[in-house]
Structure formats: structure tokens, C-alpha cells
Amino acid sequence: MSEKNTVVIAVANHKGGCGKTTTVINLSAELAKMGLSVLVIDLDPQANASLHIGKKHPSEIAVTCAELLLSEVEKLPLAIQSDTNLEGVSLIYGSLALGKTEDELKDTAPRPSEELREKIKPLHGIFDVILIDCPPSLKLLTSNALAAATHLIIPVESGSQYGMYGVTDLLKMVEKIRRINPKLELIGALLIRHDDRQTVCKLIEASAREQIGKLLEVKIPTSTKVNQSAIAQMSLHALDKHSKVAGEFRKLARLIAKNLNLTDGSKQDE
Ligand SMILES: Nc1ncnc2c1ncn2[C@@H]1O[C@H](COP(=O)(O)OP(=O)(O)O)[C@@H](O)[C@H]1O
Ligand SMILES: [Mg+2]
């Protein structure tokens, strides 16, 4: 059996509410539907991804990202929960304690930005894809995600005139992290809540293309199904696979799988 070439995709933008968690959840579900083995790492103290796809409450989990980051690598198997609400998707839970973990890392870790990368090294070759959901800040948790990642997606809220606010700070951080992770590759900006007919969306699209450089051709529309799927703790695929928004996440998964050589396409779902 050939070893998998694991890709680690950080989904980052310190702007809150721009669609990071929604992207991680639905991209992971669609990639798993294609037959790929997927792990989600929830690095956000608010643990929204864990509340959505985890079967347990983060407070019931002995080893979340918070404990993993501060412990020895031996704890890694305890951190990976394979029984989640998304078929084929495993989860390392986030938890409120991650806020404190960030402070402790700063004070005690020899290389504070590289703890996650060290801790998940044994997973290279095990999963096809690891998706990291980042917190809404540009502090150590996000730098850990960027240092551990091979690839980066930047969700941008297209329907808001403030969608690009602060993106230059994120890009500066990416450049800094490239000193310790030179191979970090930008997959592109992903427009969320996009509507081609709206002027604001056109402006944000042009600005994202110019400032971020790479723009994914798939764009995610606004849909009330997104909130419905969170309430039902399902992916959009499971809630309504024929909906436009589910279809766009499917296209996104296929595009990424193709561009990153993740599959030969033989297992693609209908
Ligand atoms: N395409 C969309 N259509 C409608 N609502 C969306 C869409 N994407 C995200 N949302 C909603 O916007 C809010 C923020 O999204 P979320 O993915 O949690 O952002 P972040 O993780 O960046 O904070 C959530 O309530 C989510 O359900
Ligand atoms: Mg989030």
C-alpha cells in the first residue's frame, strides 16, 4: 500500500464570521464523500466546528487541541475522535481552554509557533487531508496553524463592504511564517456569501483578486441552509445535497482534490 501524501489545509482569516468554520465543515464532508480520509483540527477556543460535527460536548473530551498542544506527542491517539456527525471525517476537538493554552505556549514552548506542526507529524501518511479551522485572531494559534499547514484557504465575506478589512495583516503573517514553513502554498481566497449581481460583491471580488493574488473560481452563495445545517449538526450535503450551496462546496472539494492531486476521481460521489 502506498503511503498517502497528506495535505494540511489551514482555513484562516482573523475576521470573525467570514465563513471559516462553514468552509472547514462542508469541505471536509465533501472530500470524505469522495472517499478521502479527512481530519478536522479545531483550533478555535469557541469550538464551533466541534459543536457542529462532534458527537460529544468539548468539555467531555479529555484531549482536545488545548491539551495536545501542551502535552507530549504520545497523547495524539487520544485526541483523534473518529466517531463524528460527518461520515469519514475525524476530529481533534477545540475547547475554551485554548485561550489559556495560547498564553502557556508563549511562556513555555521552545518554538511557540511550531507545536502543532510537531504534534501532528505522525499523521502525515495517515490521512489524505487535514483541515485546520482557525480562530478569529492573528495570534499564536493561527501561527501554529500556518506553520503546520501545507496549504492555505482565505475565506472572504463577499457580501460585506468590510470583507477585505485586515487582510493585509493576515498576508504579512503568512509571509513571516514562510520563514519557518517555506512551502506553505496559498490555494486562494474563497468568496463567501457571494452574489454576482451585487455591486458590493463585485468590488470585494476585485479587491480580493488584487490583494490576495489568487481567487478560487468556486464562489459560495448565501443560503439559509447554512444555519439550518448547523442546527441539525449536519453537512450541507446531508441536509440537502441538491441545494446550490451544497453543490458549490462539492465543486470546491473536487477542484481542490484535482489541483492537489488528492484522488484519481474513481471514488467520486454522484
Ligand atoms: N454562505 C452562507 N450563507 C448564509 N450564512 C452563512 C454562510 N456562510 C456562513 N454563514 C453564517 O455566518 C456565520 C459565520 O460563519 P462561520 O463559518 O461560523 O464563520 P467564522 O468561522 O469565520 O467565524 C454563521 O452563523 C454561519 O452559519
Ligand atoms: Mg469559526
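Atom set for the values below is all heavy atoms of this structure, side chains included, hydrogens, waters and symmetry mates excluded. One-based numbering, in listed order, for ligands and for the atoms of each. Residue indices begin at 1 and follow the sequence shown.
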How about Ser235 and Phe249: do any of their side-chain heavy atoms sit closer than 4.5 Å? no
Is any NZ, NE, NH1 or NH2 atom of the basic residue among Arg178 and Glu175 found under 4.0 Å from an Asp or Glu carboxylate oxygen of the other? yes
Output yes when the distance from some N or O of ligand 1 to some N or O of Lys20 is under 3.5 Å, and no in every other case. yes
For the 3.5 Å polar cut-off, considering only N or O atoms, please tell me whether Ile220 and ligand 1 meet it. no
Nearest option to atom 15 (O) of ligand 1, as decided by whichever heavy atom of Thr22, Asn48, Val11 sits closest: Thr22
Starting from atom 18 (O) of ligand 1, what is the nearest protein heavy atom, named by residue and atom, and what distance separates them? Thr21 CB, 3.9 Å
Looking only at distance, does Val245 have an N or O less than 3.5 Å from an N or O of ligand 1? no
Atom 25 (O) of ligand 1 - nearest protein heavy atom and its distance: Asn227 OD1, 3.2 Å
Which residue holds the protein heavy atom closest to atom 19 (O) of ligand 1, what is that atom called, and what is the gap in Å? Gly19 N, 3.0 Å
So, is Pro221 polar-close to ligand 1, with some N/O to N/O distance under 3.5 Å? yes
Between the Mg ion (ligand 2) and Asn48, is there an N, O or S atom separated by less than 2.8 Å? no
May I ask you to check if ligand 1 and Asp133 share an N or O to N or O distance below 3.5 Å? no
Mind checking whether Ile192 contacts ligand 1 via backbone (N, CA, C, O), side chain (CB onward), both or neither, at a 4.0 Å heavy-atom cut-off? side chain
Numbered atoms of ligand 1 (with element) below 4.0 Å of Gly17, judged on heavy atoms: 14 (C), 19 (O), 20 (P), 22 (O), 23 (O)
To check your reading of the model: name the closest protein heavy atom to atom 5 (N) of ligand 1, its residue, and the distance in Å. Arg193 NH2, 3.1 Å
Polar contacts were defined as any N/O atom of the residue lying under 3.5 Å from an N/O atom of the ligand; does this apply to Thr23 and ligand 1? no
With a 4.0 Å cut-off on heavy atoms, is Ala230 in contact with ligand 1? no
